[in-house]
Amino acid sequence: MCGGRQIEQRQAVIIIVEPMTTVRTRFAPSPTGYLHIGGVRTALFNWLFARRHGGQFLLRIDDTDAQRNVAEALRPILDGFRWLGLDWDEGPEVDGPYAPYYQSQRGARYRAAADQLVATGAAYRDYATTEEIQAERETAQREKRRFLYSRRWMAETDAQAAAFEAEGRQASVRLQMPREGVCAFHDLVRGDVEFEWALEQDHVVQRADGTCLYHLASTVDDHDFAITHVIRAVEHLSNTPRQIFIATALGYPLPAYAHLPYVAAPGSAEKLSKRKLGTYLKHHEFKKAYDHGAGIAEAQGLSITPVSFSPVVVDFYREVGYEPDALVNYLLLLGWSLDDRTETFTREEMIEHFSLERVNRSAASFDLQKLLAFQERRMQALSVEARVARVLPFLERAGLVDAPSTGDQQARTRRVVEAAGDRIKVAGDILGYPEFFQSDDEVAYDQKAFDKRVRKAGVEPLLRRFRDRLGATEPFDADTLDRAMHAFVEAEGIAIGQVIHAVRVSVTGKAVGFGLFEGLAILGRDACVARIDRALGRLAD
RNA sequence: GUCCCCAUCGUCCAGAGGCCCAGGAUAUGGCCCUUUCAAGGCUAAGACACGGGUUCGAAUCCCGUUGGGGACGCCA
């Protein structure tokens with residue numbers, strides 16, 4: 001059906017309007033070596049918006065300033081996107097019709113734009129030194145007025161430029177910003193916005209060495225890549241006028257803007273920062289969730305420095321065994337909602353319902369505990385097979401099973417996963433049950449639990465007699481064991497609590513765990529007897 | 001300091017003048033279930049920052065105050 005064709009119907013005239021252009025959004029990570037959780041939220045909204053409108057989502061690499069190994073610093077970021085299922089239509093590795101997507105490879109485009117800006121008078125060659133600018137800035141500060149460059153070293157003519165150069169000065173390029181009027185634009189999230197032009201500095205867009213700065217590069221790229229919607233964090237809101245200025249001067253059509261609120265730190269309104277993990281850990285709730293993850297990482301032998309291992313970085317969630325869908329679902333609801341009750345979304349549902357109109361204007365603080373709650377629900381919804389598949393790599397990395405695991409190990413894992421049920425909230429929680437994968441003499445005893453439950457008057461003979469019963473329990477399954485235990489306590493004339501805890505500690509080393517009889521059955525008769533004997537032996541020490 | 005923004009339970013959201021003595025989620029307390037730990041069920045407590053308007057009527061609109069935050073780079 002052709003665009004714009006009218007279709008006559010009985011009562012109504014329906015006009016099929018094809019969109020003028022395809023929606024194109026982008027996320028522009030700098031290769032820093034890690035993927036920030038706030039960045040992911042921004043990327044997600046970009047992705048969702050593009051998918052919602054059948055458009056494209058692209059990744060552009062902001063490496064104008066990078067001296068490091070970009071490929072290496074980019075890998076964790078791209079891995080993060082892949083893990084989250086945020087696929088990009090154009091960008092690194094996939095390329096696309098507007099390649100290259102690395103800013104470091106687009107310098108010629110930016111320089112041409114800078115030249116054009118100078119040629120049309122929107123920008124000028126400036127010969128001031130950094131020190132001279134700094135001095136002006138300080139003077140303004142001292143006189144308590146706002147700083148505005150005097151344009152004293154601006155070259156208006158080639159002759160002036162030559163004169164400055166004769167002094168040994170070098171030219172950078174500055175925007176010649178309007179000094180009156182307002183820059184007004186409509187923001188898809190924040191509504192109508194206005195900034196006074198006079199408050200804008202004559203921003204530098206090109207350094208003396210010819211390299212160009214972010215705002216010029218970004219504006220040129222957004223145009224070159226045919227970006228229709230610039231969806232980014234609100235800290236860029238005040239940068240928008242200068243980008244509008246650049247785009248307008250270059251004759252570019254303006255994209256639509258949408259400025260998202262930032263993700264705030266736990267229990268605070270401050271922007272979430274990778275560097276402030278120490279502060280966040282002072283929050284009890286946050287620390288609890290963090291420690292949970294740190295324990296899992298440690299069990300895998302990962303190094304956990306506050307730099308490499310942090311809930312502010314997406315890697316954390318993968319290493320701890322979160323479901324990407326849980327993270328994405330949680331992040332979606334951080335600043336956006338459908339209504340007053342829908343909490344769980346499939347990707348398809350997110351795409352179907354997402355809209356910029358329902359994005360919040362205020363910052364939302366990041367709550368690890370609530371994320372965990374989302375994770376629990378996802379995990380519970382998974383089949384046993386799926387949970388086993390999630391959990392196996394963790395056991396392998398922790399050295400609790402072979403890598404790759406054997407069929408027997410997989411079968412045992414399945415039994416543990418089934419028995420543990422919803423106690424396994426993140427895949428890494430399997431590492432809380434090492435005793436089912438260790439040999440009998442490897443099992444570590446929780447000393448406090450041992451003293452309380454086993455090293456206790458009257459327990460030893462009970463344990464001995466129960467061990468003997470185990471020899472006669474047939475078949476060695478949970479139901480039979482359950483009955484055996486009850487028969488045992490009845491015969492002994494004691495409460496079940498007097499022996500069951502002792503058995504648990506003896507066999508698993510711990511005071512807590514899932515159903516004891518399931519546990520005994522998984523371990524098998526020989527292991528149970530051996531472990532009780534071992535505990536009995538410790539009693540003698 | 002200048003400019004801009006934000007403001008509903010601890011936290012995340014709902015609420016676009018009457019449906020709200022404010023609803024959901026999460027976290028928290030209690031009880032139940034129970035061999036422990038989870039999970040689950042029931043239950044409790046918990047917010048419209050403040051002050052003025054506008055209106056018959058305001059969480060919702062306007063103004064101010066207060067509080068919080070962000071941006072002010074030859075960083076991105």
Please round to the nearest 0.5 Å and tell me the distance separating atom CG of A/Asp221 and atom CD of A/Gln103. 4.5 Å
Comparing A/Ser337 with A/Arg341, nearest RNA chain B nucleotide closer to 5' gives the residue A/Ser337
Side-chain N or O of A/Arg377 closer than 4.0 Å to phosphate OP1/OP2 of B/A39: no
Does any donor-acceptor pair link the side chain of A/Lys370 with the base of B/A25 at a separation under 3.5 Å? yes
May I have the step-by-step check of ring pair (Phe, Tyr, Trp, His ring centres under 6.0 Å) for A/Phe225 and A/Tyr101, ending in yes or no? CA-CA 9 Å; A/Phe225 295 159; A/Tyr101 294 88; 4.9 Å; yes
Which of B/G10, B/C12, B/A14 is nearest the side chain of A/Leu334? It is B/C12
Kindly point out which of B/A25, B/A14, B/C6 is positioned nearest to the side chain of A/Arg361? B/C6
Let's go through A/Trp336 and A/Phe345 carefully: what are the C-alpha distance in whole Å and the side-chain angles of both, what is the deciding distance for ring pair (Phe, Tyr, Trp, His ring centres under 6.0 Å) to 0.1 Å, and is it a yes or a no? CA-CA 12 Å; A/Trp336 180 87; A/Phe345 293 83; 5.7 Å; yes
Of the nucleotides B/A39, B/U35, B/A27, which has the atom closest to the A/Lys425 side chain? B/A39
May I ask you to verify if any side-chain N or O of A/Lys271 is less than 4.0 angstrom from the OP1 or OP2 atom of B/A71? yes
Hey, is A/Arg169 close enough to A/Glu132 for a salt bridge, meaning N to O under 4.0 Å? yes
Where the side chain of A/Glu343 is concerned, which of B/A25, B/C4, B/A39 is the nearest nucleotide? B/A25
Just call it for A/Arg232: base, sugar-phosphate, or nothing, with non-hydrogen atoms closer than 4.0 Å on any strand. nothing
Give the nucleotide from the list B/C12, B/U36, B/A71 with an atom nearest to the side chain of A/Ala364. B/C12
Give a yes or no on whether a salt bridge exists between A/Asp222 and A/Arg26, defined as a side-chain N under 4.0 angstrom from a carboxylate O. yes
Every protein N/O within reach of nucleotides 73-76 of chain B N/O, cut-off under 3.5 Å:
| unit_1 | atom_1 | unit_2 | atom_2 | d |
| --- | --- | --- | --- | --- |
| B/G73 | OP2 | A/Arg137 | NH2 | 3.4 |
| B/C74 | N4 | A/Ala128 | O | 3.1 |
| B/C75 | OP2 | A/Arg207 | NE | 3.1 |
| B/C75 | OP2 | A/Arg207 | NH2 | 2.4 |
| B/C75 | O2' | A/Asp65 | OD2 | 3.2 |
| B/A76 | OP1 | A/Thr64 | OG1 | 3.1 |
| B/A76 | OP2 | A/Tyr214 | N | 3.1 |
| B/A76 | O3' | A/Asp62 | O | 3.4 |
| B/A76 | O3' | A/Asp62 | OD2 | 3.2 |
| B/A76 | O2' | A/Ser30 | OG | 3.0 |
| B/A76 | N6 | A/His215 | NE2 | 3.1 |
| B/A76 | N6 | A/Asn239 | ND2 | 3.4 |

With side-chain hydrogen bond (donor to acceptor under 3.5 Å, both in side chains) as the criterion, how do A/Asn239 and A/Tyr214 come out once you've worked through the C-alpha distance, each side chain's angles and the decisive distance to 0.1 Å? CA-CA 11 Å; A/Asn239 297 328; A/Tyr214 171 75; over 6 Å; no
